[in-house]
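What follows is one structure encoded as C-alpha cells, with my remarks underneath.
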Amino acid sequence: MPRAPFPELSSSVRLKYVKLGYQCLVNNFVAFLLIPVMIAVPLVLVRRGPDEIMALWHSLQLDLTQVLFSVFLLVFVAAVYFVSRPRPVYLVDYACFKPPTTCRVPSATFMEHAWLINWDEKSVQFQTRILERSGLGEETCLPPASHYIPPNPTMEAARAEAQLVIFSAIDDLFKKTGLRPKNIDILVVNCSLFSPTPSLSSMIINKYELRSNIRSFNLSGMGCSAGLISIDLARDLLQVHPRSNALVISTEIITPNSYTGNQRSMLLPNCLFRMGAAAILLSNRRRDARRAKYRLLHVVRTHKGADDRAYRCVYQEEDAEGHTGISLSKNLMAIAGEALKSNITTIGPLVLPMSEQLLFFLTLVGRKLINHKWKPYVPDFKLAFEHFCIHAGGRAVIDELQNNLQLTAEHVEASRMTLHRFGNTSSSSLWYELSYIESKGRMRRGHRVWQIGFGSGFKCNSAVWKCLRTVETLVDGPWADCINRYPVDIPDVVKP
Amino acid sequence: MGVNSDAAAVYGHKLSTVVPGSVSGEAVVHELADVDLVMKLHYVRTVYYFEQHETIDGLTIVDIKKPMFPWLNSYFPVTGRIRRTEAGRPLIKCNDCGVRIVEAKCCRTLEEWLRVPHSARWRPLVPDKVLGPELHFSPMVYVQFTKFKCGGTAIGYSWSHVLGDPVTGTNCINLWGRLLGGNPPPKSLLPHSARTPTGRPARQAPASATPLSVKQVEPVGDFWLVTNACKMATDSITITESRLERLQSEKLNGVPAFEMISALFWRCLASVRRGGREPRVVTICRHKPRAKRCAQLSNEQMISTVSTSAASPVDLDLAELAQLVSKQQVDETKLVEESIDGDGGKPDFVVYGANLTFVDMEGVDLSGLDIKGEKPVQVDCVIDGVGDEGAVLVFPRGADAGGGSKGGAAVLILPEDQIMKLKEVLKREFDIA
C-alpha cells in the first residue's frame, strides 16, 4: 500500500514541472527570442569597434530630408496609435447595500409563511426541499412588504424598497469617494422586474438633484446579468465623452414579485431572491487613475436568444390560475453551460496566456485532422485570473461552474458565502462577492478578477477587471460586521 | 349589540411576523420542564387599552416593530416552535421563526368599546389562536395592535403558558415597552444555549398518588386545547377599597386579601352551584415573586389544594372558610410535576379549571407596560383553555385598574350561566357590584 502512491506522486510532480516549464517557455516566447538578440548585438558592436560602426553609419548616406521624414512618420504613427486607443475605464469605488436586521427572514419563517399562504401540501414540501438545499443562511433579507401574510405588494411599497436600497448604496458611495451629485455625467440603472414611471433613474435624479444635462439610462427586463450590461453601456459612453464619470446602479426589487401560486417551476425564484443593490462609480478621467481600485479590461456579452430553448428557459408568464411568476425550465443548467462555453470561446483569446491558447489550438486541430476522439482541451482559467466572481444564482449554478472551469473551493468561496449571507441578490451579487474578496484581504495590486453573470434571454456576460492598488482590509461594506465568521461550512441539507 | 357584531367591529386584520435581530445559533433547543408541560393547554390573553394621545397614535407600525428585534434577541426561545423528541416529548426548537403581529382597526371609539361586556370585549382584540394542529408552524406569542376610531389603541398579547407563568409573560412584554421608550437593551439575560438537552434521570413509574389539583384529559395530540362541556364566559368584578377594609376588619382579622377574596368567591359559587356539583375542593395557584427584569422563562407557580372535608362551603362561615384557605393548603406542586412521564411528556393535564381554581395574580406586573411614558387606562387579563370548573384570577391590589387603586379585583372565567347568578349572590350577600 505505501509503495504504490510514490511512483504516481513522483510522476505527477514531474508532470507539474513539465507543465510549468512549457508555460514559462511559451508565455515568454518573445522574451526568449529577444534576449539572445539583445545580448548578441552589443557583443558584435563591441567586437567591431567604434570606427567600424561610424563607417557603417556614413555608408548609409542618409540626408536630412530622409531623417526628418522618418521621424515625422514615426511621430504620426505614434499619434494615431495613442488617439485611437480606447479610453481606459476606471472603477473608482463601489458600495453595496447592507440590509437592516429588521428585514431578516430566517428559513423557518420563510417556510411558515409559505405554508400559511399556500396551503398546498405538495408545493410547501417542494419549497422546503429547495430551501434546505439552497445554501442560503439565516440572515438573508426580504423587504418589509414581504413579511406580511400574504405579502402586500403595492406600488408604494415597491417604490419604498427601491428608495431604501438604492439611496443607501448611493449615500455610501458618496461617502467613500467624495463624489458630489452635480459632478455625475452619466447614470445607468438596471432593475429587471420593477419599472415604474417615472423611471428609477429619474427617481435618483430627483432625490439627489443631478444636473439637467445628465445622460441617464434605465435598463429593465434584462435579467440577472444586467449589471454587466450596464457596465458595458457605461464603458461605451465613456469612450464617446471625454473627462467624464458614470454612476451605475444594479439592483432587483423584490416587493412586486413574490409568486403566490403553486406551479413548481415558478416557486424557485421565491426561495432564492433577496434584497440587494450596488452603486458603482466609473470614470475615464486621468486624475481618477491614481485613486481608482480597478481598471476595466474586457467586457464580453453572449446572447443565446436565437435558440428557442434558451429564449424560453427563464420565462415570466401567468400560471393556470392567473398568478404571474418566473418559470425556470428543467434544462436551465444545460443551457447555462452552453452559454458559458460560447462566452469562454470569445473571452479565452483575450485573457488566456499563450501557452493555454496554443494547447487549445493544437488539440482543436488534432481533433479535426488526426483523431475525433481526443478530449477537447479545457483551458485553465486559473492562470488568467486570481479571483472569480460567479453570479450567486443558486447552489447549482456555482457547482456547475466550479466543475466546468475546474476551480478550487477557494475560488468559488466568494460566491458561496455571498449566497449564504445575502441570498441571490440578482445583478448586484457580483459586487457583494467582490466586496467579500476585498474584506478577506485577498485583493492585491495587479490581480485580475473575472465576473460572470447569467440571466434570462439566455445571456452569459463577463467582465474582466485589473486591480490597480492593494485594497486594505477593514473595508467598510456589507461584510464589515460578519467577515470574521466566514467562510462557514454549508452542509448539503439544513433543516429549518 | 350581539357578540357577533362586537367581533365584526374589529376589521382590516393584517398579519406579519417579527423575528429576533440576530441569529440564535445552530440547533439551539429550549427544553421544557415537566411543570411547563403540565400547563401547556392554557394560554394567557391580556389586552392593554391606551387612551387617545398623540405620542401613541403617532406611532407607525415601523416604530412599533423596530424595538421588537432587540427585544426578541433577549427572549429568543419565544420565537421558536414546538418539536418533539423521538420519544414524543415536546421541546422548543429555537429556530427564530418569530412572533405573529396583527394590525387591525375598530370602527368604534375606545369609550364605546369599554362599555361592551367583558366577555365580548377582550376576545376580538387579541388573537385567540392555540398551539396546533400544525405545531411546527404555530407561534407561541401573538401581539395585536388595534386602532380605535378617533384615537386610542389596544394592545392584545397572547402568551402560551407552556413558555412560562403570567409573571414571566408580562415581564416579557414590559421589556418591549421599555425598549420602545428608548431604553437600551439589557445585556443578554438568557444565555444562548439556555437549557440545552441535559440527561434526564430515568424516572421510575409515575407517582402512585394522583394530585387533586389537576385533571388528566384525553390525549390532545397536536392540538393543544381542551373543549369545554359548556360555554365559558368571563367577567370582571371590582371590590372597592372600603368594602375590602370592612370585610377584613369585620370578620377576617389577619387573613390576607387574596385568601379572603378567594374564600368569598368560593362561598358564593358554592351557593350558586348548590344542589349540583358543589366545589368541595379548590385549587390555589400562587406565583413565586420574581424580579421585574428577570427574563428567565419558567413556570414557577405553587399549586395547592384546599378541601372542605364533609361540609359544604356554603354551610361554613366566611371567616372559617377564609381561615381554611389561609392555613390548610396542601402543596401539590411536586406531586403534579411527578405525574408527567419523563420521556414522552404524557399525559395531558388541565390545571386551571380542573377544580375551581383561584390564581393569585399579585406578582403579575400588568401596569408595567408603558408606551413612551403612557400607561394603559385599563387592562383585561384572562386565561384561555380553562376547564369546566372555572377559575378566578384574583388581583388583591386591583392591579388591573391600572390606576393603582387599593381595592381588589377579580376576573371570573366560568360557565356563562353561573356568572349572572354569582353576581346576584355577591350583590345580595356582600354588596359587591
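Letters A, B, ... mirror the listed sequences (proteins, then strands); counts begin at 1.
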Query - Over 12 foreign heavy atoms within 6.0 Å of CD, E121(A) - result: no
Report summary line: Rounded to the nearest 0.5 Å, the OG1 atom of T17(B) sits from the CG atom of L116(A) at a distance of 7.5 Å
Report summary line: Ranked by heavy-atom pairs below 4.5 Å to chain B, first place among T109(A), N152(A), V494(A), V105(A) goes to T109(A)
Query raised in the report: More than 12 heavy atoms of other residues, nucleotides or ligands under 6.0 Å from NZ of K105(B): is that the case?
Result: no
Report summary line: The reported gap from CE in M111(A) to CG in N95(B) (rounded to nearest 0.5 angstrom) is 12.0 Å
Query raised in the report: Does the side-chain contact (heavy atoms from CB on, under 4.5 Å) test come out yes or no for E134(B) and E112(A), once each step is laid out?
Result: CA-CA 10 Å; E134(B) 193 61 58; E112(A) 188 167 285; over 6 Å; no
Query raised in the report: More than 12 foreign heavy atoms under 6.0 Å from CD of E156(A): is that the case here?
Result: no
Report summary line: When the 4.5 angstrom heavy-atom criterion is applied to I101(B) and chain A, the contacting part is neither
Query raised in the report: Just wondering, more than 12 heavy atoms not from K440(A) lying within 6.0 Å of its NZ?
Result: yes
Query - Inter-residue atom distance T102(A).OG1 - K65(B).NZ, 0.5 Å rounding - result: 9.5 Å
Query raised in the report: Do you know which two heavy atoms are closest between P106(A) and V19(B), and how far apart they sit?
Result: CD-CG1, 3.7 Å
**Report entry** Atom CD of E26(B) with >12 non-hydrogen neighbours under 6.0 angstrom
**Finding:** no
Report task. Quick one: pull up NE2 in H113(A) and SG in C97(B) and give me the separation to the nearest 0.5 Å. Result -> 7.0 Å
Report task. Can you measure from NE2 (H147(A)) to NZ (K14(B)) and round to the nearest 0.5 angstrom? Result -> 14.5 Å
Query raised in the report: Measuring heavy-atom distances to chain A, does T79(B) have an atom under 4.5 Å in its side chain, in its backbone, in both, or in neither?
Result: neither
Requested in this report: Supply the atom-to-atom distance H136(B) NE2 to T128(A) OG1, rounded to the nearest 0.5 angstrom.
Outcome: 11.0 Å
Report task. Using non-hydrogen atoms and a 4.5 Å limit, figure out which bit of E103(B) sits close to chain A: side chain, backbone, both or neither. Result -> side chain
